[in-house]
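Below is one structure; the comments refer to it alone.
Chain naming here is simple, since letters A, B, ... match the order of the sequence lines and numbering starts at 1 in each.
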Amino acid sequence: MNTQQLRFDDMAAGDELPPWTAPQLTRTMFVRYAGASGDFNPIHHDEEFAKSAGYPTVFGHGMLTAGILSRYVTDLAGVGNVRLFRVRFATQVWPGDSLTCSGKIAKKYHEGGENRVDLDLTVINHKGEAAIHGVTTIAI
Amino acid sequence: MPETTDAEDLGLTWPVERGKVREFAASILDDNADYQREDAHIPVTFPWTRSFWRPAAAPSGGGQANMARVLHGEQEYRYLGPVRVGDVLTARSRVVDKYTKEGRRGGALTFTVTETTVTNQHDEVVILERATVIVTERATSETNS
């Protein structure tokens, strides 16, 4: 998608924003995020390590899912317009998962000399389970 | 979760590099052209990458044996000012809470909450970060928490 224009005057609490489904997760994405973030916990890339720890396979970094969600937010608000971003990790994400980000307007108001909007956020996997519950405040 | 938590950062200073911002944006599947700019804003969760700038000898938070049982509970960023390529940031962290809960399927869960204040090269506070890390007694596929 990438930066669609939200209009403050047209927004109302309770409005749902168009959801966005990210490309299906792959182990390569986990490795790329490990390299970019510096988070080399082997549970995210080493199949043997993950299995020996009792997992069926490797799983994605929580912060990768958070990053994907942050992209959804900056696509809505524009880069540099995020004032608050908070996530709670609910379940792990696995190779092959398809994650859908969605947002709902909780509140709009004027603060810090700018129009701000609070959004409730979720990331849901293709089975309908929440991977992340989040909130964000964006400047519009 | 990375091998290190922030608990040991009494003042970690690191530069916001253009290539690193591009690399990180790509890793979160973000192809926004704004991240290609010379003066790009950082992606929201980019401060996570500061672990690269820890001294090599920094404590590793328990080492690999623990890595299978470390879970990320929550993460929060508050941006008080813009952060762009070229800025030099300093993070100071402290543990603000630590508590233990019983997991749903048995096994203790230890929660550690760390707050980090990030200042820029002008001594302005630009980011407040809060992280909750959970250490489980067994693999989380069993505790489901």
Of B:Arg130, B:Gln75, B:Lys20, the largest count of non-hydrogen pairs under 4.5 angstrom with chain A goes to B:Gln75
Tell me whether [Y] is reachable from [X] by hopping between hydrophobic residues (I, L, V, M, F, W, Y) whose side-chain heavy atoms are closer than 4.5 Å.
X	Y	result
B:Leu29	A:Tyr33	yes
A:Leu119	A:Ile124	no
A:Ile105	A:Val82	yes
A:Leu76	A:Ile140	yes
B:Leu109	B:Val113	yes

In Å and rounded to the nearest 0.5 Å, what is the [atom1] to [atom2] distance from [X] to [Y]?
X	Y	atom1	atom2	result
B:Thr45	A:Leu64	OG1	CG	9.0 Å
B:Glu76	A:Phe85	CD	CZ	11.0 Å
B:Thr49	A:Asp39	OG1	CG	11.5 Å
A:Met63	B:His72	CE	NE2	5.5 Å
A:Ser37	B:Ile28	OG	CD1	11.0 Å
B:Asp31	A:Asp75	CG	CG	7.5 Å

Intermediate values then yes/no, side chain to side chain contact (heavy atoms under 4.5 Å, CB included), A:Val73 and B:Val44
CA-CA 9 Å; A:Val73 172; B:Val44 178; over 6 Å; no
* Test log, rule side chain to side chain contact (heavy atoms under 4.5 Å, CB included), inputs A:Thr74 and B:Tyr35 -> CA-CA 11 Å; A:Thr74 51; B:Tyr35 292 123; 4.1 Å; yes
Bottom line for B:Ala26: the part with an atom under 4.5 Å from chain A's heavy atoms is both
ask   = Can you list the steps and then say if A:Arg32 with B:Glu23 is a side chain to side chain contact (heavy atoms under 4.5 Å, CB included)?
value = CA-CA 9 Å; A:Arg32 189 176 202 181; B:Glu23 179 192 19; over 6 Å; no
Most heavy-atom pairs under 4.5 Å with chain B, out of A:Thr137, A:Leu69, A:Val87, A:Thr136, belong to A:Val87
